[in-house]
Amino acid sequence: MEALHFSSGEQVNKFRFLQAQLRDRWQSIEQSENGDYDILVIPSLSMDRGELQKIEGFLYYEERLLFSLIRLRSPRTRVIYVTSQPLPPIVIDYYLQLLPGIPFSHARDRLLVFSTYDSSTTPLTQKILERPRLIERIRESLRLEKSFMICYNSTTLERDLSLQLGVPLLAADPDLLDWGTKSGSRQIFAECGIPHPDGSELVLSVEDLAEAAAQLWERQPTLQRMVVKLNEGFSGEGNALLDLRPIEDVAPSCASHRERVVAISDRFPFLSFQAHNETWSHFASRIPELGAIVEAFIEGEEKRSPSVQGRITPDGEVEILSTHDQILGGSGGQIYLGCYFPGDESYRLQLQELGLRVGRNLAEKGALERYAVDFIAVRQPDEAGNAQWDLQAIEINLRKGGTTHPFMTLKFLTNGRYNTSTGLFYSQQGSPKYYIATDNLQKERYRGLLPNDLMDIIAHHRLHFDTSTETGTIFHIMGCLSEFGKLGLTSIGNSYQQAKDIYNRVINILDEETKSTAKTLTSVSSAAVN
């Protein structure tokens, strides 16, 4: 079976033709209870390999879109899920058991799973494209006139696969991806009149980066720190902090511009990198390839990182889906670890309004499907002396980010709705729902736990999600446990406190269940030293 080949002009026209079909299918897709369609899930992290390798166990992040299996609650929906390595059967069974009112066997018959049997760092979509027989098997499994394809992020690889299969891709055209970069985000914020930190345009060399940093310092003489960002990054792993305090003797009014540029260049090797094991030599080597910006670091005693999520439908409507308060970590608090839902009530409606502005701008540019906008919020006193939150936009993501799968899991499990007048999500029973979620519950003592072991712990301690109360925990990236001691989870409650209590109970039980493992690891380590 030979792959189809299109010229660049033909590609664009064919791809647009396929995406136009989504408008006709949209109502059927949205009718989740009676939808009669096939969903092809390609959970490929089609990103720069160097940046991906900063994420431990990134290959298992292909499991994050397994929330899509909950769509099988619609008795006529079929899901076709493709991964690099085969999914453990017990993980598939775990998700299918979450479906209320649907016989397990009926849901399982409507799920098809494929694998490339390739654990390399090559993006999954590229692996599929390199296997024409697999493409043909996937095509034969689909009802092409009732199919659409979803992915983690959309690149030319996903566009090529969409064309090879003849299946429309429910995602942004890859030609628009620049708007989801650090520099593209800043341009949209400026166009929309949304407050954002002072910063630079895109630069492609270390010399230009030092020049841009010096100019920023001259515009903001009281700056203490700056953020240096690779133009394309994942979960903050491409960020670094530049501390200006050690070189305050070359601050504006204290030295010449040239002296300032030289001093900043000399400080680059001492950047505080957010990614573990990152070095200046490696970081600098990526700048000509990916580009970089420098941005004012927002200081503040009380600071948060909220975000707003939206989508642009195939018929051009812009909808707000959710708001979150993100949990950040790393040496400079730049790396995404998890989130609380919903965002704080003091600014969640303002987040929605700003998110709508961005969504409408993206829609005018032709974007489609998911987008998210990250902010920094700092509590500042207003003129009357009352504390107010100042919101500064820092980034747009045109992909299914870390807040997508927990929210969609909640939505599909409860079949509830998001109310933009309150910024709350309500179950069908009218109860507001809250959750805390993470992709990064990682401890050395968890290493060696198999998915089956986790299921034993979940069952014994009744940690699973209870469909009758619509509270409990849903686990994901379970395949990451054994090798990396890393796990994802979403703990859902009827209040912030209940969600947090459920979350903490899970961690306490996992710690207790692996106490003997921790002792064994310590003994082995001691024996190695002796």
Side-chain angles (χ1 to χ4, degrees), residues 43 45 54-67 91 94-95 98 152 234-237 274-276 304-307 309 322-331 333-344 372 374 397 399-411 413 425 433-447 449 451 454 457-458 461 463-465 471-493 495-514:
L45 276 69
K54 297 175 182 178
I55 311 294
E56 282 196 312
F58 73 86
L59 189 66
Y60 297 100
Y61 279 52
E62 293 175 3
E63 296 180 19
R64 291 207 301 185
L65 297 194
L66 281 171
F67 69 80
V91 172
Y94 171 78
Y95 280 89
L98 292 170
Y152 169 74
F234 180 87
S235 297
E237 298 277 355
Q274 300 306 293
H276 184 59
R304 296 177 181 173
S305 182
S307 65
Q309 293 72 41
S322 59
T323 64
H324 291 83
D325 276 306
Q326 300 182 99
I327 303 168
L328 301 182
S331 58
Q334 303 273 310
I335 294 179
Y336 176 83
L337 298 179
C339 61
Y340 290 95
F341 170 84
D344 191 282
D374 294 340
N397 288 309
R399 60 175 184 251
K400 291 179 172 62
T403 55
T404 300
H405 53 279
F407 179 78
M408 295 308 294
T409 298
L410 171 66
K411 181 176 175 64
L413 281 176
F425 183 92
K433 310 301 290 188
Y434 301 78
Y435 61 72
I436 177 173
T438 182
D439 290 328
N440 289 280
L441 177 56
Q442 184 173 18
K443 297 186 180 182
E444 182 66 22
R445 66 197 300 164
Y446 297 167
R447 286 185 61 198
L449 277 179
L454 178 64
I457 295 171
I458 291 172
H461 293 279
L463 301 179
H464 53 281
F465 181 78
T471 62
T473 298
I474 299 93
F475 297 85
H476 61 274
I477 59 172
M478 290 176 270
C480 208
L481 258 179
S482 183
E483 185 176 356
F484 297 98
K486 190 174 183 179
L487 181 65
L489 55 91
T490 302
S491 293
I492 299 172
S495 67
Y496 276 125
Q497 190 58 52
Q498 186 183 26
K500 192 172 183 178
D501 290 345
I502 293 170
Y503 178 86
N504 288 333
R505 179 170 178 261
V506 170
I507 294 175
N508 291 336
I509 287 173
L510 287 175
D511 287 350
E512 183 67 25
E513 287 282 350
T514 54

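Keep in mind that the numbers below use all heavy atoms, side chains included, and drop hydrogens, waters and symmetry copies.
The shortest non-hydrogen separation linking Leu410 to Phe425 is CD2-CD2, 3.6 Å. Residue Pro451 comes nearest to Val91 through the heavy atom pair CB-CG2, 4.2 Å, listed as atom of the first residue, atom of the second, then distance. In this structure, Tyr434 and Ala499 approach most closely via the heavy-atom pair O-CB, 3.9 Å. Nearest heavy atoms, Thr438 versus Tyr503: CG2-OH, 3.6 Å. Here the closest heavy-atom approach between residue Lys433 and residue Pro342 is recorded as O-CD, 4.3 Å. Residue Thr404 comes nearest to Arg399 through the heavy atom pair OG1-O, 4.5 Å, listed as atom of the first residue, atom of the second, then distance.
Glu62 places none of its side-chain heavy atoms less than 4.5 Å from the side chain of Leu65. No side-chain heavy atom of Asn440 sits less than 4.5 Å from a side-chain heavy atom of Ile327. Residues Leu510 and Lys443 have side chains not in contact (no heavy-atom distance under 4.5 Å, counting atoms from C-beta outward). Taking 4.5 Å as the limit, every side-chain heavy atom of Thr409 sits out of range of all side-chain heavy atoms of Phe465. Side-chain contact between Phe67 and Lys411 is absent, with no heavy-atom pair separated by less than 4.5 Å. Ser322 is not listed as a side-chain neighbour of Thr403, based on a closest heavy-atom distance of 4.5 Å or more.
Within the model, atoms CZ of Arg64 and OH of Tyr152 stand 5.0 Å from one another, a figure rounded to the nearest 0.5 Å. Considering CG of Asp325 and OH of Tyr496, their distance stands at 6.0 Å, rounded to 0.5 Å. If you take CD1 on Ile458 and CD on Glu513, they are separated by 11.5 Å, rounding to the nearest 0.5 Å. Between atom OG1 of residue Thr471 and atom CD1 of residue Ile502 there is a gap of 5.0 Å, rounded to the nearest 0.5 Å. With rounding to the nearest 0.5 angstrom, the CG atom of Leu449 is 9.0 Å from the CG atom of Leu487. Note that NZ of Lys400 is 13.5 Å distant from CZ of Phe407, once rounded to the nearest 0.5 Å.
Listed for the Gln442 side chain is a donor-acceptor partner under 3.5 Å among the backbone atoms of Phe484.
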Derivation and outcome, side chain to side chain contact (heavy atoms under 4.5 Å, CB included), residues Lys486 and Tyr60:
CA-CA 10 Å; Lys486 190 174 183 179; Tyr60 297 100; over 6 Å; no
Check the pair Ile436, Phe341 against side chain to side chain contact (heavy atoms under 4.5 Å, CB included), reporting the backbone distance first and the verdict last.
CA-CA 6 Å; Ile436 177 173; Phe341 170 84; over 6 Å; no
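A side-chain donor from one of Asp501 and Gln497 sits under 3.5 Å from a side-chain acceptor of the other. For the residue pair Tyr94/His476, the side-chain donor-acceptor check at 3.5 Å is not satisfied.
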